[in-house]
Amino acid sequence: MSKELIEIAGKKFVPMISADELQARVRELGETVWRENASANPLFIVMLSGAYVFAADLLRVIPTPVDMAFVKYSSYEGTQSTGALKREIGLPESIKGRTCIVVEDIVDTGVTMKQFMADLKEKGAADVKIASLLVKPENNKANIKVDYCGFSISKEFVVGYGLDFDGNARNLDSIYKCID
Ligand code: 5GP
């Protein structure tokens with residue numbers, strides 16, 4: 001992993017989780033998710049935009065065709081959660097009776113996931129599990145239970161591997177944390 005400090009829009013970031021660590025952990029998670037859920041013919045629901053890289057790697061561990069859907073809920077502006085949710089791309093109608101596995105980049109306060117779980121229930125999902133690359137347990141006030149967690153981190157703001165700072169840095173192959 002690069003030891004370089006990087007600067008994005010005037011804020012400083014340092015390396016936190018290397019590309020190799022991410023690849024190894026995501027492979028492990030993908031194998032576990034598939035071993036435990038293959039028989040349920042799950043529908044994978046990817047939370048855009050942040051989870052797109054995680055989902056691409058996680059779901060390519062699965063050796064057989066699976067159903068996928070994409071949703072987009074947003075609550076962040078800059079480095080802070082606004083608490084107010086916008087459903088920019090909503091759920092498909094086809095989830096009734098399905099086992100759904102939500103693929104998320106990070107569970108922070110849990111507000112987004114709490115609302116999303118309520119939406120899934122309302123649309124008739126039979127069972128819902130969460131796979132999140134990152135979790136910030138100290139901030140998770142909504143007490144969201146993450147079934148498949150890549151890494152627990154503390155409260156720092158992170159970018160890379162799909163996660164952005166106002167649209168920038170999603171392409172980085174490792175995760176960086178803000179030190180400002
Ligand atoms: P929550 O509703 O759990 O507070 O926040 C969920 C969303 O906020 C995540 O899906 C993600 O898009 C964004 N988010 C939370 N923490 C971070 C972070 O450290 N970095 C980035 N880039 N986004 C974050």
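Indexing begins at 1, ligand by ligand and atom by atom, following the structure's order. This one's a predicted model, so the numbers in the text were calculated from it and none came from an experiment. Start at 1 with the first residue, then count along the sequence.
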Exercise answer: donor-acceptor pairs, residues 51-65 side-chain atoms, under 3.5 Å, sequence neighbours excluded:
unit_1 : atom_1 : unit_2 : atom_2 : d
D57    : OD1    : R60    : NH2    : 2.8
D57    : OD2    : Q23    : NE2    : 3.1
D57    : OD2    : Y161   : OH     : 2.6
R60    : NE     : A56    : O      : 2.8

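Among V135, L163, V158, the residue whose heavy atom lies closest to atom 20 (N) of ligand 1 is V158. Considering only non-hydrogen atoms, atom 3 (O) of ligand 1 lies nearest to G110 out of A51, G50, G110. The residue from T109, D164, D166, V159 that puts a heavy atom closest to atom 22 (N) of ligand 1 is D164.
At a heavy-atom cutoff of 4.0 Å, ligand 1 is contacted by the side chain of D105 but not by its backbone. With a heavy-atom cut-off of 4.0 Å, E104 touches ligand 1 through its side chain alone. Only backbone heavy atoms of E156 (N, CA, C or O) come within less than 4.0 Å of ligand 1; its side chain stays farther off.
Within 6.0 Å of the NZ atom in K123, the count of heavy atoms belonging to other residues, nucleotides or ligands exceeds 12. Annotation: E122, atom CD; neighbour count of heavy atoms from other residues, nucleotides and ligands within 6.0 Å does not exceed 12.
For ligand 1 and K136, the ligand atoms under 4.0 Å from any heavy atom of the residue are 16 (N), 17 (C), 18 (C), 19 (O). Residue T112 has at least one heavy-atom neighbour below 4.0 Å for each of these atoms of ligand 1: 1 (P), 2 (O), 5 (O), 6 (C).
A search for ring-ring contact (aromatic ring centres under 6.0 Å, His included) contacts involving F116 returns Y73, not counting sequence neighbours.
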Quiz prompt | Candidate pair V71 and D119, rule side-chain contact (heavy atoms from CB on, under 4.5 Å), full reasoning | solution = CA-CA 11 Å; V71 299; D119 290 1; over 6 Å; no

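No side-chain donor-acceptor contact under 3.5 Å links R98 to the backbone of F44.
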